[in-house]
Amino acid sequence: MASKVDLAIIGAGPHALTLVTHLLKKRQKIRSKIAVFDPSGGWLHQWKQQFAALGIPHLRSPAAHHPDPNAFALRKFAEPRPHELFAPYDLPGTKLFDDFCGDVIRRWNLENAVTPGEITCIEPLPHSFRPWLHLWLKDGKSIIARRVVLATGSSQFQIPDWVSQIQTPYPQDRLCHSQLIDLRKLQLAGERILIVGGGLTSGHLAIGALSLMAKVDIFIRRQLQEKIFDAEPGWLGPKYLKAFFAEPNFHNRWRMIKEARNGGSITPAMGVQLRRERRQGQVRIYENTQVVKAEWLGNYWLIKTNKGEQYEYDRIWLSTGTHFDVHSQPLLENILQAYPISVVNGLPVLEHNLCWHGCPLFLMGGLAALQIGPTARNLSGARMASEKLEKAIIKSAVIPYQAILA
Ligand SMILES: Cc1cc2nc3c(=O)[nH]c(=O)nc-3n(C[C@H](O)[C@H](O)[C@H](O)COP(=O)(O)OP(=O)(O)OC[C@H]3O[C@@H](n4cnc5c(N)ncnc54)[C@H](O)[C@@H]3O)c2cc1C
């Protein structure tokens with residue numbers, strides 16, 4: 001028989017960790033009722049991998065954003081290591097942030113809290129007044145949960161249309177999305193690389209490829225944009241969020257999110273680095289430029305652009321970002337069928353407390369953006385989501401636990 005749990009959290013990234021520390025701060029006793037699942041069996045595996053793979057030296061977000069409920073905890077932790085907070089606005093160095101998260105995990109006694117396992121299916125189970133959820137793991141085991149939080153990151157690669165029109169077969173590693181690239185495993189000396197996209201990841205990839213002695217071109221479909229953060233800091237408080245939450249029309253909320261994020265941008269510091277490399281002839285940046293056709297000619301790419309120009313490359317890296325679409329989430333297939341809800345351009349219209357209407361499933365991350373705002377996917381979004389979730393989860397935890405196990 002499947003074992004039962006009060007609260008299952010799927011994923012053990014920064015969002016899940018933020019939620020668990022917030023719940024424990026509110027109610028220590030909830031610890032024994034939570035089960036966290038992640039294929040890695042540990043915390044922040046994906047987060048650490050993405051920073052290491054691109055050699056990212058520091059975060060884009062300031063030191064106030066992290067998984068501990070005390071907003072000042074990272075600053076305090078960094079006191080003996082001030083040189084690891086980068087200008088402007090004290091951006092934590094990657095190692096500092098990882099060490100801090102390790103400290104959070106120890107302080108909250110969460111070292112052994114993650115169960116190794118990938119959830120492959122969520123099935124609603126009829127129950128007296130609210131359904132429970134049956135979670136299936138990849139190894140065939142299953143578990144029944146009274147409530148579930150989906151904190152899997154859940155984004156889909158954004159792939160430009162011209163990729164599906166490539167007619168010549170090509171080696172997979174010669175055209176890939178940025179999230180599949182691990183610079184530590186590549187030898188690029190003398191290679192010509194095209195990076196498509198104008199976000200910060202393009203900058204990291206370009207600097208990484210240059211350090212491996214490659215030549216880099218960057219195509220940006222509009223002008224290169226410089227912004228300190230993904231979205232303006234006004235989106236972290238009432239300045240913009242008041243109007244966002246007052247907006248009853250979720251299509252308008254979606255537009256507000258899109259305008260606030262406004263596509264990819266690099267930081268001013270990355271801008272300085274890229275311009276320096278451009279002056280030295282190592283990088284060429286083509287603005288208002290898009291690929292219209294790509295052909296693999298046996299051992300190199302021939303690219304045609306919207307400006308009628310042609311270029312040759314050894315590799316193409318798609319730094320074209322990710323998007324969130326509830327319909328592309330296999331884990332949500334049964335839920336969508338059993339409990340249909342409104343979806344606006346891929347984003348589900350959740351209840352105010354991030355609950356899926358009619359069913360004890362809560363979403364965190366980018367899929368919760370219509371109730372959190374443009375920073376839903378970021379560390380700041382994790383805190384905002386946790387504040388909503390802790391109220392919903394702790395409040396409904398008053399149902400006696402014996403009743404769950406009955
Ligand atoms: C390169 C990069 C840099 C970033 N830098 C910043 C930054 O500086 N500041 C900021 O605020 N944001 C940043 N972000 C955005 C965001 O904070 C991160 O993407 C963050 O990792 C999101 O956390 P998460 O917990 O939602 O997802 P993830 O970190 O992706 O964690 C999700 C976890 O869920 C697990 N999982 C997935 N599917 C399943 C399943 N079916 N069953 C069980 N487990 C599953 C995965 O293994 C993973 O460990 C960055 C993003 C990228 C890509």
Side-chain angles (χ1 to χ4, degrees), residues 8-20 35-67 74 86 89-94 96-98 101 114-122 135-139 143 148-155 157-158 177-183 199-205 208 228-231 233 235-236 261 264 267 270 319-322 324 329-333 363-369 372 374-386:
I9 302 177
I10 310 179
H15 280 242
L17 183 58
T18 309
L19 173 62
V20 172
V36 183
F37 296 93
D38 196 292
S40 67
W43 293 102
L44 311 188
H45 178 79
Q46 174 70 16
W47 169 274
K48 288 182 185 167
Q49 159 67 20
Q50 71 201 14
F51 273 72
L54 302 190
I56 302 175
H58 61 73
L59 276 67
R60 188 174 195 174
S61 50
H65 306 305
H66 55 71
L74 174 48
F86 292 78
Y89 303 112
D90 290 344
L91 312 178
T94 304
L96 173 71
F97 190 81
D98 286 354
C101 289
V114 182
T115 305
E118 180 182 341
I119 307 295
T120 52
C121 176
I122 307 178
L135 307 183
W136 293 91
L137 284 103
K138 203 173 179 179
D139 63 7
I143 183 161
V148 172
V149 177
L150 190 72
T152 51
S154 319
S155 58
F157 295 168
Q158 203 135 281
H177 189 273
S178 57
Q179 288 202 356
L180 300 175
I181 295 166
D182 191 334
L183 291 169
L200 186 56
T201 300
S202 294
H204 290 307
L205 284 172
I228 296 179
F229 305 118
D230 284 342
W235 281 106
L236 302 177
R261 293 194 71 90
T267 57
M270 179 58 79
S319 182
T320 39
T322 54
F324 294 87
Q329 291 300 314
L331 280 185
L332 294 175
E333 230 169 72
L363 305 191
M364 298 186 83
L367 283 175
I372 299 288
T375 67
R377 69 180 73 176
N378 296 105
L379 298 173
S380 52
R383 182 185 301 274
M384 287 192 265
S386 298

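One is the number of the first residue; the rest follow in order along the sequence. All ligand and atom numbering here is 1-based and tracks the order in the structure.
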Taking the side chain from Thr120 and the backbone from Trp136, do they hold a donor-acceptor pair closer than 3.5 Å?
-> yes
Under 4.0 Å from one or more heavy atoms of Gly117, ligand 1 contributes atoms 43 (C)
For Pro39 and ligand 1, answer yes if some heavy atom of the residue is under 4.0 Å from a ligand atom, otherwise no.
-> yes
Using a strict 4.0 Å cut-off to heavy atoms of Gly13, name the atoms of ligand 1 that fall inside it.
-> 25 (O), 31 (O), 33 (C)
For atom 5 (N) of ligand 1, what is the nearest protein heavy atom, given as residue, atom name and distance?
-> Phe51 CZ, 3.6 Å
With heavy atoms only and a cut-off of under 4.0 Å, state how Leu91 meets ligand 1: side chain, backbone, both or neither.
-> neither
For ligand 1, is Ser155 a contact, meaning one of its heavy atoms is under 4.0 Å away?
-> no
Check: Ile56 main-chain N/O paired with Thr94 side-chain donor or acceptor under 3.5 Å | yes
Aromatic contact, Phe229 with Tyr89 (centres under 6.0 Å) = yes
Number the atoms of ligand 1 from 1 as they appear, then name those within less than 4.0 Å of a heavy atom of Phe37, with their elements.
-> 43 (C), 44 (N)
Specify side chain, backbone, both or neither for Met364, according to which of its non-hydrogen atoms lie closer than 4.0 Å to ligand 1.
-> neither
For atom 16 (C) of ligand 1, what is the nearest protein heavy atom, given as residue, atom name and distance?
-> Arg377 O, 3.3 Å
Nearest neighbour in protein (non-hydrogen) for atom 33 (C) of ligand 1 = Asp38 OD2, 3.4 Å
Which ligand 1 atoms does Ile10 reach within 4.0 Å, using its non-hydrogen atoms?
-> 40 (C), 42 (N), 43 (C)
Any donor-acceptor pair under 3.5 Å from His15 side chain to Arg377 backbone = yes
Is there any N or O on Arg60 that sits under 3.5 Å from an N or O of ligand 1?
-> yes
Note: Ala12 and Gly42 closest approach over all heavy atoms is CB-O, 3.5 Å
Pro57 and His204 have their tightest heavy-atom pair at CD-CE1, 4.2 Å
Are Gln50 and ligand 1 in contact, using a heavy-atom cut-off of under 4.0 Å?
-> yes
Between CD1 on residue Ile10 and CD on residue Glu118, distance to nearest 0.5 Å = 10.5 Å
Is ligand 1 less than 4.0 angstrom away from at least one heavy atom of His65?
-> no
Taking only heavy atoms of Leu331, which atoms of ligand 1 are found under 4.0 Å from at least one of them?
-> 41 (N)
Within-shell test, Leu54 vs ligand 1, heavy atom, strictly < 4.0 Å | no
Would a distance-only check, ignoring hydrogens and angles, find a side-chain to backbone donor-acceptor pair under 3.5 Å from Gln179 to Phe157?
-> no
Side-chain donor/acceptor of His177 to backbone N/O of Gly321, under 3.5 Å | yes
Do the side chain of Thr152 and the main chain of Gly11 share a donor and acceptor less than 3.5 angstrom apart?
-> no
Strictly by modelled atom types, are Ser40 and Asp38 linked by a side-chain donor-acceptor pair under 3.5 Å?
-> yes
Less than 3.5 Å between some nitrogen or oxygen of His15 and one of ligand 1, yes or no?
-> yes
Relative to ligand 1, is Ala151 under 4.0 angstrom through side chain, backbone, both or neither, heavy atoms considered?
-> backbone
Could you tell me whether some N/O pair between Pro14 and ligand 1 is separated by less than 3.5 angstrom?
-> yes
Contact partition for Ile56 relative to ligand 1, non-hydrogen atoms under 4.0 Å = side chain
Which protein heavy atom lies closest to atom 12 (N) of ligand 1, and at what distance to 0.1 Å?
-> Asn378 ND2, 3.1 Å
Ser61: numbered ligand 1 atoms lying under 4.0 Å from its heavy atoms = 7 (C), 8 (O), 9 (N), 10 (C), 11 (O)
Is a salt bridge present between Asp230 and Arg60, judged by a nitrogen-to-oxygen distance below 4.0 Å?
-> yes
May I ask you to list the atoms of ligand 1 that are less than 4.0 angstrom from any heavy atom of Gly11?
-> 33 (C), 34 (O), 35 (C), 44 (N)
Atom 27 (O) of ligand 1 sits nearest the protein heavy atom Gly153 CA, 3.5 Å
